[in-house]
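So the structure is just underneath, and the comments pick up after that.
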Amino acid sequence: MQHDNDASYPNMGRRLIEGFTSFKMPGTKDILSKAIALDGDNTTRVRAITRLVQNQSHLRLVGAHEGVENILDIRQLPEIFEKLLDFIKAHDHVHYETLVRQVDPGFEEEHPEVPTITERTIPLYNLSVSAGFGNPMDTYESSEPYTTTNQIADFAVKISGDSMEPQYSSGDIVLVKAQKTLENAQIGIVEVDGEVFCKKVITTGKTPLLISLNKDYPPHEVAESAHFNPMGIVISKE
């Protein structure tokens with residue numbers, strides 16, 4: 001029989017994966033959308049996450065008159081949690097090792113070796129993507145290699161100007177996952193008529209609205225006739 005104190009475990013798992021996916025992919029997408037973007041849409045890890053988030057989070061005793069189709073069986077949790085941790089390990093090994101050390105004091109004794117951190121080289125665009133008024137694309141071509149341990153970033157850019165402060169300051173390097181669409185209120189790198197911007201993009205109106213985080217800068221509405229080209233979502237700052 002299920003015990004009352006079992007009820008917290010599904011919610012703990014949901015909060016864990018929600019926090020991790022939000023950290024890896026800031027924005028308004030739901031947990032599953034972010035998990036699929038990171039891992040694909042038909043992996044065992046994503047299927048386990050789906051089972052967790054699409055069922056009722058709180059386990060409880062089920063009355064005789066109630067259906068159980070949407071109640072997560074406590075016996076499924078060990079397998080689901082194993083897949084959740086495997087998902088985190090696959091996409092951020094350092095995050096995973098830190099998490100394990102926090103919950104298992106004996107981990108250091110059992111794993112004395114420091115885990116290997118895989119480094120990747122991605123393009124770093126030296127001409128700073130403007131956080132203000134934009135830079136022409138023809139000056140955005142030259143780049144140099146940039147080394148990072150992030151496993152999903154496709155390129156890096158350097159911010160100039162102060163319009164995205166306090167979150168991004170001039171000289172900051174941000175990592176970007178290339179994609180051709182942005183969800184509402186995501187911060188991304190976009191091209192508008194040959195100029196490149198780093199902005200929060202509001203997509204609820206007739207045309208996109210580019211928002212600066214610094215309140216001293218007014219919003220910029222993209223004209224209907226303009227060529228609007230999302231280049232990627234900002235996923236972290238180095």
Side-chain angles (χ1 to χ4, degrees), residues 17 19-29 33-41 43 45-46 86-99 114-183 185-192 194-201 208 210 212-213 227-238:
I17 201 64
F20 179 74
T21 54
S22 295
F23 167 74
K24 297 300 290 185
M25 296 188 68
T28 57
K29 281 187 176 181
S33 296
K34 293 177 180 180
I36 291 170
L38 289 170
D39 214 46
D41 60 1
T43 68
R45 294 186 290 243
V46 167
D86 188 47
F87 178 88
I88 294 173
K89 185 177 181 180
H91 296 289
D92 195 326
H93 191 79
V94 175
H95 188 112
Y96 172 80
E97 297 289 359
T98 301
L99 180 64
V114 177
T116 301
I117 300 176
T118 303
E119 293 186 338
R120 303 170 56 237
T121 299
I122 59 177
L124 169 64
Y125 291 92
N126 290 322
L127 176 66
S128 302
V129 171
S130 176
F133 297 103
N135 285 315
M137 274 299 292
D138 58 5
T139 60
Y140 186 72
E141 294 176 354
S142 61
S143 66
E144 63 184 51
Y146 182 79
T147 301
T148 179
T149 58
N150 188 289
Q151 299 300 301
I152 64 172
D154 295 302
F155 61 94
V157 295
K158 186 180 291 184
I159 298 297
S160 67
D162 64 353
S163 74
M164 291 301 281
E165 290 184 347
Q167 188 165 347
Y168 303 109
S169 300
S170 187
D172 284 345
I173 293 175
V174 297
L175 302 181
V176 183
K177 178 179 172 59
Q179 58 186 56
K180 302 303 292 182
T181 60
L182 291 170
E183 298 291 331
Q186 287 184 325
I187 294 176
I189 306 299
V190 299
E191 176 195 356
V192 182
E195 290 186 310
V196 179
F197 299 84
C198 175
K199 296 293 178 188
K200 177 184 285 188
V201 182
L210 306 184
S212 299
L213 300 183
H227 174 70
F228 177 72
N229 176 35
M231 301 173 66
I233 180 175
V234 174
I235 56 176
S236 68
K237 179 174 68 174
E238 291 285 89

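One is the number of the first residue; the rest follow in order along the sequence.
- Taking OG1 of Thr181 as the reference point, atom CD of Gln186 lies at 8.0 Å (rounded to 0.5 Å).
- The two residues Leu182 and Gln179 come nearest to each other via the heavy atoms CD2-NE2, 4.0 Å.
- Not a single side chain to side chain donor-acceptor pair (under 3.5 Å) links Asp154 to another residue, sequence neighbours left out.
- Scored by the side chain to side chain contact (heavy atoms under 4.5 Å, CB included) test, Thr121 finds Pro145, Thr147 as partners (sequence neighbours excluded).
- At least one side-chain heavy atom of Lys180 sits under 4.5 Å from a side-chain heavy atom of Asn229.
- Expressed to the nearest 0.5 Å, how far OG of Ser169 lies from CD1 of Ile159 amounts to 9.5 Å.
- For the residue pair Thr149 and Glu119, the shortest heavy atom distance occurs at CG2-CG, 4.1 Å.
- Remark: the backbone N or O of Ala35 is not paired with any side-chain donor or acceptor of Arg45 at under 3.5 angstrom.
- Applying the salt bridge (Lys or Arg N to Asp or Glu O under 4.0 Å) test to residues at least two apart or on different chains, the pairs with a partner in residues 227-238 are Asp172-Lys237.
- The two residues Ile152 and Arg120 have their closest heavy-atom pair at N-NH1, 3.9 Å.
- Taking all atoms of both residues into account, the shortest heavy-atom contact from Ala156 to Ile173 is CB-CG2, 3.9 Å.
- To the nearest 0.5 Å, atoms OH (Tyr125) and OH (Tyr146) are separated by 15.0 Å.
- To the nearest 0.5 angstrom, Ile88 atom CD1 is 9.0 Å from Thr21 atom OG1.
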Problem set entry | Trace of the side chain to side chain contact (heavy atoms under 4.5 Å, CB included) decision for Ile187 with Val174 | CA-CA 11 Å; Ile187 294 176; Val174 297; over 6 Å; no
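- The side chain to side chain donor-acceptor pair (under 3.5 Å) search around Ser33 returns Asp30, not counting sequence neighbours.
- Shortest non-hydrogen contact noted between Thr148 and Asn150 is OG1-N, 3.0 Å.
- Contact annotation: the side chain of Val157 never approaches that of Val196 to less than 4.5 Å [non-hydrogen atoms, C-beta and beyond].
- Closest approach of Ile122 to Phe155, counting heavy atoms only: CD1-C, 3.8 Å.
- Interatomic distance, CD of Glu165 versus CG of Leu213, reported as 10.0 Å (0.5 Å rounding).
- With rounding to the nearest 0.5 angstrom, the CD1 atom of Ile233 is 7.5 Å from the NZ atom of Lys34.
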